[in-house]
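One-based numbering, in listed order, for ligands and for the atoms of each.
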Amino acid sequence: MSEKIIMDCDPGHDDAIAMILAGARTSHLEILAVTTVSGNQAVSKNTRNALNVLDIMGKGEIPVSMGASRPLIKEPSFAEEIHGVTGLDGPKLPETPRHHATPHHAADVIIDAVKNSDEPVTIVATGPLTNIATALIRDAKIVQNIKSITIMGGGTFGNWTPTAEFNIWADAEAAQRVFNCGARINVFGLDVTHQVLATDDIIQRFALINNDVAGFVVELLKFFKSTYKTYFDMDGGPIHDACAILYLIKPELFKMQHTHIAIEHHSALTYGTMSVDLNNVTDGEKNAYFAVDVNVEAIWQVMEQLLADYNL
Ligand code: BDR
Ligand code: CA
């Protein structure tokens, strides 16, 4: 049986890979909608990228809806150093995608898709949490039909400040709302995503898969690897966002810990920091399942199988 998902994202190299894995035939995930948010780049660029990626996947029929052009409170900022001026630099993509975004705002699309579904829906969040917080502010009752909110973000250390990860830092007020909404929350932070690095060896393995979608992933990973070398001196791009999708496909790839998570959004020094109570030192309510470990080699094998699904 397939699981119904909404992908709220800011593609973004690793968001694009997450979409491709979700759309693979044997993922057993059904993408109801892709919604876009300001994050890696301006939301208009992220939307264009989402449309182009779906087209490459042969899934242009999946509706894309554009959402927030800025965070709830702070000014927008982008991760251009990592994802380039288009948000998806590397592979050559059409200026004008073949399909159009719907005229509806992402938050309304999320509300309608969740409310109208005959079974609980999973929201996969791989960008800042602005659209999801907005949907929850507009209609808190949607929580009743959310199976999980499965998030790439945060961790016990940072990549944008010493203590904050980009997606959470980009809109910490939104993140705080989402973590307190009462839905089941699964979190894939830097603790696991920085273990899953697409080094040259991994890129070569994917290059052996003989189809255009795998070829596109190889181009994405080459660019991602180069910016991660320049800015973080790492030997491969972490496939961050793909972890959230891989968990839904094969939960046993990860070890999860039920814990209390809070988001700092007052202090200038630690804005966007995720406080993860792994040692149970508070009596805060356990409101999230946090990934503490990952089976790295099994991840690459599962990705190879899913990418091979795109063979004709
Ligand atoms: C997250 O930030 C973005 O740059 C990536 O797409 C990922 O969602 C990693 O910190
Ligand atoms: Ca992302």
(Q) Do Glu95 and Arg48 make a side-chain contact, defined as non-hydrogen atoms from C-beta onward lying under 4.5 Å apart? (A) yes
(Q) Looking only at side-chain N and O atoms, does Asp15 offer a donor or acceptor that is under 3.5 Å from a partner on Thr126? (A) yes
Q: Enumerate the protein residues lying less than 4.0 Å from ligand 1, judged by heavy-atom distances, in chain and residue-number order.
A: Asp14, Asp15, Asn40, His83, Thr126, Met152, Asn159, Glu165, Phe166, Asn167, His240, Asp241
Q: Would you tell me whether Thr134 and Asn131 have side-chain atoms, one donor and one acceptor, within less than 3.5 Å of each other?
A: no
Q. What N/O/S atom of Asp10 gets nearest to the Ca ion (ligand 2)?
A. OD1
(Q) With no hydrogens and no angle check, just 3.5 Å: does a side-chain donor-acceptor pair link Ser65 and Thr102? (A) yes
Q. Taking the inter-plane angle between the rings of Trp160 and Trp169 on a 0 to 90° scale, is it parallel (under 30°), tilted (30 to 60°) or perpendicular (over 60°)?
A. tilted
Q | Parallel, tilted or perpendicular: rings of His258 and Tyr289 (30°, 60°) | A | parallel
Q.
If I consider every N, O or S atom in Asp241, which one ends up closest to the Ca ion (ligand 2)? I only need its name.
A. OD2
Q: Kindly confirm whether the Ca ion (ligand 2) is within less than 3.0 Å of some N/O/S atom in Thr126?
A: yes
Q.
Under 3.5 Å, is there a donor on one side chain and an acceptor on the other for Asn46 and Thr36?
A. no
